[in-house]
Enquirer: 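Here's a structure for you.
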Amino acid sequence: MRNIILIGFMGTGKTTVGKILAKQLNAKFVDTDELIEKQEHMPIPQIFSQKGEPYFREVEKKIIKQLSTQTSMVIAAGGGAVLNRENVANLRRNGAIICLSADSDVILKRVQQHQHRPLLNVSDRRKRIEELLELRLPYYQKAADYIIDTSELEAVEAAGKIFDIVKGII
Ligand code: S3P
């Protein structure tokens, strides 16, 4: 099976939906953030604060390169991964790229309880989300084979929609 790669902004459901989808497809689920944390023996906020975002992006790039040589996986890619062209090319190598999207209000609500996203640890989260979304939208659109709006979907419904799309192409 070719890989299914879930991309998209923080809080669009990549990890939750990816885990359900992987079960449905009988595939392995991997999350690039989790692999980065394992390799660095440190949670992401600490990598950002101690080593800086450029270091995080380098590790992310290496992990994605390694993943691109493997198949039969559902991969949840960190929200900033597709800003790098090399990452997109590597992800595409063995897989179909599905972008999960959501309205900024929904994103704000979903990420509200979490402190583990250093880019959103600012006083005005709404503003930061809107700025980042505007900047990133073209990257997500360009990288994606399909886009699924999860704003009004339960994770299991989003996974079902992706399953229907990918069963014909993987
Ligand atoms: C980031 C998204 C995060 C994580 C890091 C940076 C981003 O992943 O990679 O905090 O730049 O959007 P999730 O999208 O899984 O939250």
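Both ligands and their constituent atoms are indexed starting at 1 by order of listing. Values below: every heavy atom of this structure, side chains too, minus hydrogens, waters and symmetry copies.
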Enquirer: Mark up the atoms of ligand 1 that fall under 4.0 Å of a heavy atom belonging to Pro118, in ascending order.
Expert: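 Result: 10 (O).
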Enquirer: For atom 2 (C) of ligand 1, what is the closest protein heavy atom, and at what distance to 0.1 Å?
Expert: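 Sorting protein heavy atoms by distance from atom 2 (C) of ligand 1 puts Gly79 N, 3.4 Å first.
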Enquirer: Pick one of side chain, backbone, both or neither for how His116 approaches ligand 1, counting any non-hydrogen atom pair under 4.0 Å.
Expert: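 No part of His116 comes within reach of ligand 1.
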Enquirer: Would you say Gln50 and Tyr55 are linked by a side-chain donor-acceptor pair, where the criterion is simply a distance under 3.5 Å?
Expert: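 Distance-only check fails for Tyr55 and Gln50.
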Enquirer: Geometry only, no angles: is Gly80 polar-contacting ligand 1 at N/O separations under 3.5 Å?
Expert: yes
Enquirer: Number the atoms of ligand 1 from 1 as they appear, then name those within less than 4.0 Å of a heavy atom of Gly78, with their elements.
Expert: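 Heavy-atom distances to Gly78 below 4.0 Å select 8 (O), 9 (O), 14 (O).
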Enquirer: Quick one: look at Thr32 and ligand 1, take heavy-atom pairs under 4.0 Å, and tell me if it's side chain, backbone, both or neither.
Expert: neither
Enquirer: Any side-chain to backbone donor/acceptor pair from Asn3 onto Met73? Under 3.5 Å, distance only.
Expert: yes
Enquirer: Need the ligand 1 atom indices (1-based, order shown) with element for anything under 4.0 Å from a heavy-atom of Phe56.
Expert: 5 (C), 9 (O)
Enquirer: Would you kindly say whether Arg110 and Thr150 are connected by a side-chain donor-acceptor distance under 3.5 Å?
Expert: yes
Enquirer: Would Asp31 and Thr15 count as having a side-chain donor-acceptor pair, cut-off 3.5 Å?
Expert: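 Indeed, the side chains of Asp31 and Thr15 share at least one donor-acceptor pair under 3.5 Å.
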Enquirer: Any idea how Phe48 and Phe56 line up, ring-wise: parallel (<30°), tilted (30 to 60°), or perpendicular (>60°)?
Expert: tilted
Enquirer: Report, in ascending order of atom number, the atoms of ligand 1 lying under 4.0 Å from any heavy atom of Arg117.
Expert: 16 (O)
Enquirer: Would you mind telling me which of Lys62, Arg57, Glu58 makes a side-chain contact (heavy atoms from CB on, under 4.5 Å) with Glu60?
Expert: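 Exactly one option meets the side-chain contact (heavy atoms from CB on, under 4.5 Å) with Glu60, and it is Arg57.
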Enquirer: In terms of heavy-atom contacts, does CD of Glu53 have more than 12 from other residues, nucleotides or ligands at under 6.0 Å?
Expert: yes
Enquirer: Write out the residue and atom name of the closest protein heavy atom to atom 14 (O) of ligand 1, then the distance separating them to 0.1 Å.
Expert: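 Protein heavy atom at minimum distance: Lys14 NZ, 2.7 Å.
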Enquirer: Is it the case that more than 12 heavy atoms not belonging to Asn26 sit under 6.0 Å from its CG atom?
Expert: no
Enquirer: Mark up the atoms of ligand 1 that fall under 4.0 Å of a heavy atom belonging to Asp33, in ascending order.
Expert: 3 (C), 4 (C), 8 (O), 9 (O), 13 (P), 15 (O)
Enquirer: Atoms of ligand 1 less than 4.0 Å from Leu119 heavy atoms?
Expert: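 Near Leu119, the atoms of ligand 1 are 7 (C), 11 (O).
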Enquirer: What atoms of ligand 1 come within less than 4.0 Å of a heavy atom belonging to Arg57?
Expert: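 Reading through ligand 1 atom by atom, the close ones are 6 (C), 7 (C), 11 (O).
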Enquirer: Given that the side chain starts at C-beta and the backbone is N, CA, C, O, which of these parts of Arg136 lies under 4.0 Å from ligand 1, counting heavy atoms, or is it both or neither?
Expert: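 Within the 4.0 Å criterion, Arg136 contacts ligand 1 through side-chain atoms alone.
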Enquirer: Is atom CD of Gln112 surrounded by more than 12 heavy atoms (other residues, nucleotides or ligands) closer than 6.0 Å?
Expert: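 For Gln112, atom CD is crowded (more than 12 foreign heavy atoms under 6.0 Å).
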